[in-house]
Amino acid sequence: MTIDWQHFTPWASLAGGLLIGIAASMLLLLNGRIAGISGVLGGLIAFRQDQPRLWRVLFLAGLLIAPLAWAMTGTLPEATISADYIELIVAGLLVGVGTRYGTGCTSGHGVCGLSALSLRSLVATLCFMSSGIVAVYVVRHVVQASGV
Amino acid sequence: MQLLTAFASGLVFGVGLILAGMTNPAKVQGFLDIFGAWDPSLGLVMGGAIVVGAFAFSRAKRLRRSLLDAPLYIPEPRRLDKRLLFGSLAFGVGWGLGGFCPGPALVWLGTGDAKAAVFVLAMIGGMAIFELLQPRAK
C-alpha cells in the first residue's frame, strides 16, 4: 500500500464530513428523519401512497442546489469521471437496486447507521466497502492494465 | 417549518459533499484503491460525520418526538439477512465502478453534468426495478 499524498485533502475532507454530520443531525433532531440519500429518494418513487413526499422533494432540492450555492462564493472543484456511459448505466443500476435491497447507502448506513451504533449498518458498510475495493481493483489494475 | 429544515439539511449536506471531495469520482475511487495509490481522505469524511452524528443519535434515542414535534423514524434493530448482504455488495460494485454514490451523484447532477445525469437516471431505474419486484401489499 502506498499513500497518495498528492491528492490527500485531510482538512477539507474533515470539514466536509463535519458539515455532513451537522446536516444529518438537523434532519434527525428537527424532522425525525434519517438522512440516507437512497432512502429519501427511494421513498419518493415507492408505490406506497401513504409516504409523505414533500419533505423528500425539498431535501433533494437542497442537494441539487448545493453546487449553485457553492458557485456564488467560489469555484466548484473538478470532477473526473473516468467511467464511460455504458459503465455509468451499469453502475447506476447496481447502486439503485443494491441500496434498496440493502436498505441504505454510504449516508444511511455509513454515516447515520454507524453514528447510531447499528450492527446491520456496520455489516452493510463493510460489504459495500469491500466490494467497492474489489471493483476499483478490477477497473484500475486488471482492465486498464491489460488494455482491454 | 419542517419543509424549510429539510431543504436546509439537504443544502448543508450537499455543500459538505462538495467540500469533502465526494463529488469527484476519481477521488472516491482513489479511496477505494487500497492496492494502488491510496487517498485516505474519505475516511476523514466518514469520521467527521460520525463524530457529529453520534451526538445527535444519542440525543435522539432519549427523545419521544423531534424538536419540531415530529415523530422520530429511527429504524428498529433487525436481524442480518441476505438482502442486506447482497444488496450492499451490489451497491459497492456500482460505487467502485462509477465512483458515485447516491448523494454526490445528485449534487453533481445539479451542475448539469451529462454523465451524472445518466448515472442518476440509471439509479432511479434500479430503484424502480426494486419496487416492481416487491410483493404488493393488498
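Lettering of chains follows the sequences in order, A, B, ..., and the numbering in each one begins at 1. Quick caveat, the model's predicted, so the values are computed rather than measured.
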Under 4.5 Å from a heavy atom of chain A, the part of [X] involved:
| X | value |
| --- | --- |
| B:Pro40 | both |
| B:Leu89 | both |
| B:Val107 | both |
| B:Ala105 | neither |
| B:Ile124 | both |

Part of [X] lying under 4.5 Å from any heavy atom of chain B:
| X | value |
| --- | --- |
| A:Trp70 | side chain |
| A:Arg120 | both |
| A:Leu126 | neither |
| A:Ser118 | neither |
| A:His7 | both |
| A:Phe8 | both |
| A:Ala116 | both |

Just give me the residue among [options] that pairs up with chain A most often, heavy atom to heavy atom, under 4.5 Å.
| options | result |
| --- | --- |
| B:Leu109, B:Leu44, B:Asp81 | B:Leu44 |
| B:Gly110, B:Gly14, B:Gly21, B:Ala49 | B:Ala49 |
| B:Pro102, B:Ala70, B:Gly98 | B:Pro102 |
| B:Leu67, B:Leu106, B:Leu84, B:Ile34 | B:Leu84 |
| B:Lys82, B:Met1, B:Arg78, B:Met46 | B:Arg78 |
| B:Ala60, B:Ser41, B:Gly53, B:Pro75 | B:Ser41 |

Winner by heavy-atom pair count (cut-off under 4.5 Å) against chain B, out of [options]:
| options | value |
| --- | --- |
| A:Gly21, A:Gly92, A:Ser107, A:Gly98 | A:Gly92 |
| A:Asp84, A:Val95, A:Val97 | A:Val95 |
| A:Ala83, A:Ala135, A:Pro67 | A:Pro67 |
| A:Ile89, A:Thr125, A:Val134, A:Val139 | A:Ile89 |
| A:Ile81, A:Leu44, A:Leu54 | A:Ile81 |
| A:Leu68, A:Leu19, A:Val136 | A:Val136 |

Donor-acceptor contact below 3.5 Å, side chain [X] vs main chain [Y]:
| X | Y | value |
| --- | --- | --- |
| B:Lys27 | B:Asp39 | no |
| B:Ser66 | B:Leu72 | no |
| A:Arg56 | A:Gly39 | yes |
| A:Thr99 | A:Gly96 | yes |
| A:Ser131 | A:Cys127 | yes |

Working note: A:Ser38 + B:Met127, criterion side chain to side chain contact (heavy atoms under 4.5 Å, CB included); need CA distance, chi angles, decisive distance, verdict. CA-CA 9 Å; A:Ser38 59; B:Met127 289 178 170; 3.9 Å; yes

Near B:Arg65 CZ, under 6.0 Å, is it more than 12 heavy atoms from other residues, nucleotides or ligands? yes

Using a cut-off of 6.0 Å, state whether more than 12 heavy atoms not belonging to B:Leu133 lie near its atom CG. yes

4.5 Å side-chain heavy-atom contact, A:Ile37 and A:Phe59: yes

For residues B:Phe13 and A:Leu27, determine if any side-chain heavy atom of one lies less than 4.5 Å from a side-chain heavy atom of the other. no

ring-ring contact (aromatic ring centres under 6.0 Å, His included) pairs touching residues 52-89 of chain B, sequence neighbours excluded, are none

Inter- and intrachain pairs under ring-ring contact (aromatic ring centres under 6.0 Å, His included), touching residues 87-112 of chain A, at least two apart: A:Tyr101-B:Phe130

Would A:Leu28 and A:Ile34 count as a side chain to side chain contact (heavy atoms under 4.5 Å, CB included) here? Give the steps. CA-CA 6 Å; A:Leu28 176 70; A:Ile34 303 286; 4.3 Å; yes

Begin from the C-alpha positions of B:Trp38 and B:Phe31 and carry the test side chain to side chain contact (heavy atoms under 4.5 Å, CB included) through to its verdict. CA-CA 6 Å; B:Trp38 184 50; B:Phe31 172 69; 3.9 Å; yes

